[in-house]
Novice: 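Structure in structure tokens, see below.
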Amino acid sequence: MKSKTPWWRGAVIYQIYIRSFADGNGDGQGDFAGLISKLNYLASLGIDAIWLSPIHPSPDRDWGYDVSDHDGIHPDYGSQADFDRLLAEAHARGLKVITDEVLAHTSDEHEWFLDSLKRGEKSDWYVWADPREDGTVPNNWLSAFAGPAWAYQPMRRQYYHHKFLRQQPKLNWRNRDAKAAALAVLDRWLARGVDGFRLDVANAYLHDAALSDNPPVPRAERNAHSWTHAPNLQRHYHDSNLIEEIEALDDVRRTVERHPDRFVMGEFSEEPERCGCFASPDQGLHSGYSFPLLEARKLGPEFIRRHFAMLAKYPNHWPAVAFSNHDVMRTLTRFGGVDAPPALAKLMLALLFSLKGTALIYQGEELGLPQGSLAREQLKDPVGDLYYPYTGGRDGCRTPMPWDANASSLGFSTGTPWLPLSQAHKPLAVSEQQSDKSSTLAFAREFLKTRKATAALRLGEIEFLDAPAPILAFMRSYEGKCVLCVFNMSGDTAEFAGEAGEPLIGSGEGSCSAGRLALGPYAARISIS
């Protein structure tokens, strides 16, 4: 009898930043041909699906997240025929394919915006507003990429709203036709055979029609994080994150569910509890993720416990869990600094694959890659350029994948890569880890094999156990079977008072005697309880 459990529940989804994954034609840009050549590698990891960064044509102001044609294929990546082949080849290997769809905004080169600019049939498809009497912006909304979230357009003698770059005008989901056009994009790609979507900034479909000012973050509540970027100085209650956002998410889910066996998850970058991130799968999207686990900097059990305590308020929600992606510093460097040991990479993989939810792993994390380091003149990310030298932006996690330590450009391309490869990645290349049974890559494969064979790790509920820091301990239980997961989140030896049971898998040094589990630095133990 076929299981009624949806394929995405407890799945492991591997995120591919296409431009940096594998170059098949030697032009320095990752593409579909290169990705197809690595599908056997991806299948060997034991993942369930791949999530592709945006595949559509784009002027690349924000490297694909400024879409100029939602129905086309970016010429850097190949053709529609190449994408169809990728779908077929991935499906033949048992891999689902999820695309990254950007529907909260478009490029200013999109035909929809050009029509709106001329006050054509799509005149109200974007968020336009008159200047104030003194010619300044309509309200205090701040862009995520700094400065006012408004740009003046002389052709209309109005401002248009942009949550990100000026070249990314906000689509007006309050306009019935604009909303229908956005949903039709999903419908068409589902008809073409994709298995689901990751929705960029799914918290930003709706805006306050009255254009009310956002309230400030009180000075007493400002912390190190709130000062990192200017928009964090206000609560984004009116430009996005509206309570009625869930109504738009319901429409998205219904569109997706018209096609059987599909999945949709969303990124919620702000105020996730306010805007439907944690709704149950029969309301809003099937799943969603927010940024607490992606932004935490201090390694310890507290941020995990705090995040899941919040999730416990939404017992019917199925979470997506991620420690890294194309927008944030790589896990190893974020938690361990420039000299982080490989044991930490294994610990974070074990934790990612043990927590309740659908696990999202970013390319290269299975190799334990640290953050790449680039000089200012090498940066391509507009955020890196904007905030230099405070931050190098997002390029450090987007450097190309190291495939072959003995090949030019570490096997990524025969041409000049669009971003320089990190020489710190050379000893961690796939070629160096492939046959090393003690490597991070080997550990990732072994853990995913264990996870796939252990229903409690994929589908079980989670219960956190009392344990003093730096120990994190929890139980995963499903259909009467329990798995104990214990992690030492420090560089020192630590103990957990409890019976470990029959071991399933672990990393680092550890021993158990007289009801006490001793764990070496950054060690993990998963056992049948």
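Along the sequence shown, residues carry numbers from 1. These numbers were taken from a predicted model, which means no experiment stands behind them.
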Novice: side-chain hydrogen bond (donor to acceptor under 3.5 Å, both in side chains) for Asn214 and Asp239? Distances and angles first, verdict last.
Specialist: CA-CA 7 Å; Asn214 281 328; Asp239 60 335; 3.2 Å; yes
Novice: Below 30° counts as parallel, above 60° as perpendicular, anything between as tilted: where do the rings of Tyr17 and His326 land?
Specialist: parallel
Novice: Go through the steps to decide whether Gln167 and Ser107 satisfy the test side-chain hydrogen bond (donor to acceptor under 3.5 Å, both in side chains), and finish with yes or no.
Specialist: CA-CA 6 Å; Gln167 296 88 352; Ser107 163; over 6 Å; no
Novice: Under 3.5 Å, side chain of Arg235 to main-chain N/O of Val217, donor-acceptor pair present?
Specialist: no
Novice: Taking only residues two or more places apart in sequence or in another chain, which ones pass side-chain contact (heavy atoms from CB on, under 4.5 Å) with Leu114?
Specialist: none
Novice: Please indicate whether Arg176 has more than 12 foreign heavy atoms, meaning atoms of other residues, nucleotides or ligands, lying under 6.0 Å from its CZ.
Specialist: no
Novice: Under the ring pair (Phe, Tyr, Trp, His ring centres under 6.0 Å) rule, what do Trp128 and Trp150 come out as? Steps first, then yes or no, please.
Specialist: CA-CA 9 Å; Trp128 294 96; Trp150 296 94; 9.4 Å; no
Novice: Looking at Glu377, I want to see if its CD is surrounded by more than 12 non-hydrogen atoms of other residues, nucleotides or ligands under 6.0 Å.
Specialist: yes
Novice: If we check ring pair (Phe, Tyr, Trp, His ring centres under 6.0 Å) with Tyr160, which of these qualifies: Trp141, Trp125, Phe113?
Specialist: Phe113
Novice: For Glu273, is there an ion pair with Lys313 - N to carboxylate O distance below 4.0 angstrom?
Specialist: yes
Novice: How about CD on Glu121, more than 12 heavy atoms from neighbouring residues, nucleotides or ligands closer than 6.0 Å, or not?
Specialist: no
Novice: Do Glu101 and Thr99 meet the criterion of a side-chain donor-acceptor pair at a distance under 3.5 Å?
Specialist: yes
Novice: Which pairs, with at least one residue in residues 230-258 and sequence neighbours excluded, count as a ring-ring contact (aromatic ring centres under 6.0 Å, His included)?
Specialist: none
Novice: Taking atom CZ of Arg61 as the centre, does the number of heavy atoms from other residues, nucleotides or ligands within less than 6.0 Å exceed 12?
Specialist: no
Novice: Under the side-chain hydrogen bond (donor to acceptor under 3.5 Å, both in side chains) rule, collect the residues that match up with Asp130, sequence neighbours excluded.
Specialist: Gln158
Novice: If you apply the rule side-chain hydrogen bond (donor to acceptor under 3.5 Å, both in side chains), what do you find for Asp108 with Gln168, and how did you get there?
Specialist: CA-CA 6 Å; Asp108 61 355; Gln168 294 170 293; over 6 Å; no
Novice: Do Thr106 and Tyr126 come within less than 4.5 Å of each other through their side chains, counting heavy atoms only?
Specialist: yes
Novice: Do you know which of Leu249, Val201, Leu199 makes side chain to side chain contact (heavy atoms under 4.5 Å, CB included) with Phe268?
Specialist: Leu249
Novice: On the six-membered ring of Trp7, is Lys96 placed so that its NZ or CZ lies under 6.0 angstrom from the centre and within 45° of the ring axis?
Specialist: yes
Novice: Yes or no on side-chain hydrogen bond (donor to acceptor under 3.5 Å, both in side chains) for His105 and His161, after CA distance, side-chain angles and deciding distance?
Specialist: CA-CA 10 Å; His105 57 261; His161 172 45; over 6 Å; no
